[in-house]
*Asks:* 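Quick one: the structure is below, and I'll ask about it shortly.
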Amino acid sequence: MRIDILTLFPETVGDVLSDSILGRAQERGFIRIETHQIREYTTNKQCQVDDYPYGGGRGAVMMADPLYRCWDYVCQQAEGKVHTIYMSPCGKTFTQADAIRLSKMENLVLVCGHYEGVDQRFIDECVDEEISLGDFVLTGGEIAAMAVTDAVCRMVPGVLADPECFEDESHYSGMLEYPQYTRPAVWHDREVPEILLSGNHAKVAQWRRKQALRRTRARRPDMYEKLDLSSKQDKKLLAEMEKEDEETP
């Protein structure tokens, strides 16, 4: 998989995405992440990438032409179909399902906006979808692009050591992840749940699913309502949870 990021701050973005797991994955050839300085595709001496908005108003708007030139260069270098995403507060909220979907594509282009946004004509002509991290506004699209890149790349086969590394994580299966513990067994008089020290893998798995269900129900009822809990195992866990709730003062 290849991801190209169109940005005004390529060094910053590139450095962050070249470390740790993603850095090793690039060295091994599982992914390739490239950053591109939009200013290099301007046609004036000032390397201007923005201008006043038509219709008036405060701020500036990123010009379509430098973005298009940069985007067109990237598309010409790509092998296979290119899918272009504009990181925008007006976009669809990014989810784990999107990360899985996008990880199956060959070439992604992420466009980082700035100022008051991007000339709509570039979006209409070149962008396949708009993505947002949530209901808030950032000063630029770089943080959002790095978050999406990280989430997508870790779903690419080979980037993580084993699928189990992400299959039990929050959101992958529609639930929040169960609580995690490590050594020592007692810390500040707080003990690790006894079941996790038992060595009984079946009971540990049941405990973890029950805790995931509890956490999801309490923190994300919207996600909990969408779960299919019709299996015999889940019905048993729900009954146990209900009994435990009744016994808790």
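Predicted model, so just to flag it, every value in this text is computed and none were measured.
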*Asks:* So how far is it from Glu194 CD to Lys203 NZ, rounded to the nearest 0.5 Å?
*Replies:* 10.5 Å
*Asks:* Can you check whether Tyr178's main-chain N or O pairs, donor with acceptor, with Arg208's side chain at less than 3.5 Å?
*Replies:*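 Pair absent, no side-chain N/O of Arg208 close to backbone of Tyr178.
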*Asks:* For Lys92, does its backbone N or O pair with a side-chain atom of Glu129 as donor and acceptor, under 3.5 Å?
*Replies:*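 Checked: no pair found.
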*Asks:* Once you round to the nearest 0.5 Å, how far does NZ of Lys226 lie from CZ of Arg220?
*Replies:*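 It comes to 8.0 Å.
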*Asks:* Might you confirm whether atom CD of Glu79 has over 12 heavy atoms from other residues, nucleotides or ligands at distances under 6.0 Å?
*Replies:* no
*Asks:* What closest approach, in Å, do Ile100 and Lys104 show between heavy atoms, and which atom pair accounts for it?
*Replies:* O-CG, 3.6 Å
*Asks:* Check whether more than 12 heavy atoms from other residues, nucleotides or ligands sit under 6.0 Å from atom CD of Glu125, and answer yes or no.
*Replies:* no
*Asks:* Do other residues, nucleotides or ligands put more than 12 heavy atoms under 6.0 Å from Tyr181 OH?
*Replies:*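 Yes.
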*Asks:* Would you kindly confirm whether Leu138 and Leu17 end up in one hydrophobic cluster when ILVMFWY residues are joined by side chain heavy atoms under 4.5 Å apart?
*Replies:*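 Linked, Leu138 and Leu17 end up in one cluster.
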*Asks:* Take Arg217 and Met241 through the test side-chain contact (heavy atoms from CB on, under 4.5 Å) and record every step on the way to the result.
*Replies:* CA-CA 11 Å; Arg217 184 179 64 179; Met241 289 167 57; 3.8 Å; yes
*Asks:* Quick check on the hydrophobic clustering: are Met146 and Ile21 connected, directly or via other members, by side-chain heavy-atom contacts under 4.5 Å?
*Replies:*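 In one cluster with Met146: Ile21, yes.
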*Asks:* Do Met63 and Tyr115 share a hydrophobic cluster (ILVMFWY, side-chain heavy atoms under 4.5 Å, transitive)?
*Replies:* no
*Asks:* Out of curiosity, Thr42 OG1 to Arg69 CZ, how far, rounded to the nearest 0.5 Å?
*Replies:* 9.0 Å
*Asks:* Could you pull out the closest heavy-atom pair between Trp207 and Pro179, with the gap in Å?
*Replies:*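 Heavy atoms only, the tightest pair is CZ3-O, 4.3 Å.
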*Asks:* Do any N or O atoms from the side chain of Gln26 and from the backbone of Ile33 form a donor-acceptor pair under 3.5 angstrom?
*Replies:*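 Confirmed, Gln26 side chain pairs with Ile33 backbone.
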*Asks:* When you check the side-chain N and O atoms of Asp98 and Thr95, is any donor under 3.5 Å from an acceptor?
*Replies:*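 Present: a donor and an acceptor within the cut-off.
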*Asks:* Of the non-hydrogen atoms in Ser88 and Ser132, which two are nearest, and what is the gap between them?
*Replies:*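 Heavy atoms of Ser88 and Ser132 come nearest at O-CB, 3.0 Å.
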*Asks:* Once rounded to the nearest 0.5 Å, what's the spacing between atom CZ of Arg209 and atom CG of Leu237?
*Replies:*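 Here the rounded value is 7.0 Å.
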*Asks:* When you group the ILVMFWY residues by side-chain heavy-atom contacts below 4.5 Å and let the links chain together, are Met87 and Ile3 in the same group?
*Replies:* yes
*Asks:* Which of these, Leu6, Val111, Thr7, Asp4, sits in a side chain to side chain contact (heavy atoms under 4.5 Å, CB included) with Cys70?
*Replies:* Leu6
*Asks:* Would you say Leu227 and Leu213 make side-chain contact, with heavy atoms under 4.5 Å?
*Replies:*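 They are in side-chain contact.
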*Asks:* Less than 4.5 Å apart, side chain to side chain, heavy atoms only: is that true for Glu240 and Gln206?
*Replies:* no
*Asks:* Run the side-chain contact (heavy atoms from CB on, under 4.5 Å) check on Glu242 and Leu238 step by step: do they pass?
*Replies:* CA-CA 6 Å; Glu242 184 177 350; Leu238 292 174; over 6 Å; no
*Asks:* Could you tell me which non-hydrogen atom of Ile5 sits nearest to which non-hydrogen atom of Cys112, and how far apart they are?
*Replies:* CG2-SG, 3.7 Å
*Asks:* Can you tell me how far CG of Leu22 sits from CG of Asp150, rounded to the nearest 0.5 angstrom?
*Replies:*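 The CG atom of Asp150 sits 5.0 Å away from the CG atom of Leu22.
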*Asks:* For Phe122 and Trp71, take the angle between the two ring planes, folded into 0 to 90°, and tell me which bin it lands in: parallel under 30, tilted 30 to 60, perpendicular over 60.
*Replies:* perpendicular
*Asks:* Any side-chain heavy atom of Val152 within less than 4.5 Å of one from Met1?
*Replies:*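 The answer is yes, as the side chains (C-beta and beyond) meet within the 4.5 Å cut-off.
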*Asks:* Quick one: are Val74 and Val82 in side-chain contact, heavy atoms under 4.5 Å?
*Replies:* no
*Asks:* With a 4.5 Å limit on heavy-atom distance, are the side chains of Arg215 and Met175 in contact?
*Replies:*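 Side-chain contact under 4.5 Å: no.
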*Asks:* Of the non-hydrogen atoms in Gly59 and Pro53, which two are nearest, and what is the gap between them?
*Replies:*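 Nearest heavy atoms, Gly59 then Pro53: O-CD, 3.4 Å.
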*Asks:* Are there more than 12 heavy atoms of other residues, nucleotides or ligands under 6.0 Å from atom CZ of Arg101?
*Replies:*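 Yes.
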*Asks:* Might you work through the side-chain contact (heavy atoms from CB on, under 4.5 Å) test for Leu102 and Ile131, ending with a clear yes or no?
*Replies:* CA-CA 12 Å; Leu102 295 174; Ile131 283 180; 4.1 Å; yes
*Asks:* Less than 4.5 Å apart, any side-chain heavy atom of Asp72 and any of Gln76?
*Replies:* yes
*Asks:* Taking OH in Tyr54 as the centre, count heavy atoms belonging to other residues, nucleotides or ligands within less than 6.0 Å. Is the count above 12?
*Replies:* no
*Asks:* Quick check: is Leu196 connected to Val186 through a chain of hydrophobic side chains (ILVMFWY, heavy atoms under 4.5 Å apart)?
*Replies:* no
*Asks:* So does Leu176 get a backbone contact from the side chain of Thr216, meaning a donor-acceptor N/O pair under 3.5 Å?
*Replies:*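 It does hold such a pair.
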*Asks:* Verify the neighbour count for atom CD1 of Ile143: are there more than 12 heavy atoms of other residues, nucleotides or ligands below 6.0 Å?
*Replies:*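 Result for CD1/Ile143: open.
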*Asks:* Could you give me the CA-CA distance, side-chain angles and deciding distance for Val16 and Glu142, then say whether side-chain contact (heavy atoms from CB on, under 4.5 Å) is met?
*Replies:* CA-CA 11 Å; Val16 171; Glu142 282 74 21; over 6 Å; no
*Asks:* Can you tell me how far apart CD1 (Ile31) and CE (Met155) are? Round to the nearest 0.5 Å.
*Replies:*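 Nearest 0.5 Å value for the CD1-CE distance: 12.0 Å.
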*Asks:* Do the side chains of Lys81 and Asp128 get close enough for a salt bridge, i.e. N-O under 4.0 angstrom?
*Replies:* no
*Asks:* Would you mind reporting whether Leu8 and Gln37 have side-chain heavy atoms less than 4.5 Å apart?
*Replies:*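 Contact flag for Gln37/Leu8 side chains = yes.
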*Asks:* Indicate yes or no: at least one non-hydrogen side-chain atom of Glu244 is less than 4.5 angstrom from one of Lys210.
*Replies:*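 The answer is yes; the side chains approach within 4.5 Å.
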*Asks:* Could you tell me which non-hydrogen atom of Pro184 sits nearest to which non-hydrogen atom of Val192, and how far apart they are?
*Replies:* O-CG2, 4.1 Å
*Asks:* Check whether more than 12 heavy atoms from other residues, nucleotides or ligands sit under 6.0 Å from atom CG of Asp124, and answer yes or no.
*Replies:*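 Yes, CG of Asp124 has more than 12 neighbouring heavy atoms, counting only those of other groups under 6.0 Å.
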*Asks:* So, does Gln46 use its side chain to make a donor-acceptor pair with the main chain of Gln48 at under 3.5 Å?
*Replies:* no
*Asks:* Sort and list the pairs that fulfil ring pair (Phe, Tyr, Trp, His ring centres under 6.0 Å) and have at least one residue in residues 1-47, not counting sequence neighbours.
*Replies:* Phe9-His114, Tyr41-Tyr73
